[in-house]
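Just so it is clear, the structure is predicted and the values come from calculations on it, not from any experiment.
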Amino acid sequence: MNLIDWVGSVAAFLTTASFIPQAWHTFRTRDVSGISLGMYSLFTAGVALWLVYGILMEAWPIIIANIITTSLALMILIMKFRYR
């Protein structure tokens, strides 16, 4: 693994890992009152586009991180609609 791949992998891991506590809290409590629908919609769309970018660039750190983050973000966004 070269330096660029290593940096990308660490960055992808850290940004994805930072999102997990919020997702876990939301799944556990089902409390979505503090989540902005507009912000989360834009965030989810942005992460989905990062996933597409990673696929187009064949950049596995970006692909893996954004598959995980997009999945979690979509689940939270669905909860926001369901539990408002």
Side-chain angles (χ1 to χ4, degrees):
M1 182 181 288
N2 65 38
L3 180 62
I4 293 171
D5 290 336
W6 187 84
V7 169
S9 295
V10 171
F13 173 79
L14 291 175
T15 55
T16 300
S18 72
F19 187 72
I20 291 172
Q22 180 64 53
W24 178 253
H25 174 74
T26 303
F27 297 147
R28 190 172 41 82
T29 65
R30 296 182 183 197
D31 179 14
V32 292
S33 61
I35 294 175
S36 163
L37 179 60
M39 177 271 177
Y40 237 79
S41 297
L42 291 174
F43 174 77
T44 304
V47 174
L49 288 174
W50 271 115
L51 174 57
V52 172
Y53 174 79
I55 292 168
L56 294 173
M57 297 295 293
E58 298 179 9
W60 285 103
I62 295 172
I63 294 169
I64 293 167
N66 286 293
I67 284 173
I68 294 167
T69 307
T70 300
S71 299
L72 293 171
L74 278 172
M75 285 188 264
I76 292 172
L77 195 56
I78 290 167
M79 288 177 67
K80 180 65 178 176
F81 283 108
R82 187 172 178 194
Y83 298 116
R84 345 184 186 186

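- Taking each heavy atom of Thr44 and Ala73 in turn, the nearest pair found is OG1-CB, 3.5 Å.
- Clustering ILVMFWY residues whenever any of their side-chain heavy atoms sit less than 4.5 angstrom apart, transitively, puts Leu49 in a cluster other than the one holding Leu42.
- Residues meeting the ring pair (Phe, Tyr, Trp, His ring centres under 6.0 Å) test with Tyr53, sequence neighbours left out: Trp50.
- Residue Met75 belongs to a hydrophobic cluster whose other members are Phe19, Ile20, Phe27, Val32, Ile35, Leu37, Met39, Tyr40, Phe43, Val47, Leu51, Ile55, Trp60, Ile63, Ile64, Ile67, Ile68, Leu72, Ile76, Leu77, Met79, Phe81, Tyr83, with links defined by side-chain heavy atoms closer than 4.5 Å.
- In this structure, NZ on Lys80 lies 10.0 Å from OG on Ser41, to the nearest 0.5 angstrom.
- Nearest approach of Pro61 to Ser9, heavy atoms of both residues: CG-OG, 3.4 Å.
- Listed for the Ser18 side chain is a donor-acceptor partner under 3.5 Å among the backbone atoms of Thr15.
- With sequence neighbours excluded, the residues forming a side-chain contact (heavy atoms from CB on, under 4.5 Å) with Thr29 are His25, Asp31, listed by chain and number.
- Counted within 6.0 Å of CZ on Arg28, heavy atoms from surrounding residues, nucleotides or ligands total more than 12; the atom is thus considered enclosed.
- Note on Ile4: it does not cluster hydrophobically with Ile62, by side-chain heavy-atom contacts below 4.5 Å among ILVMFWY residues.
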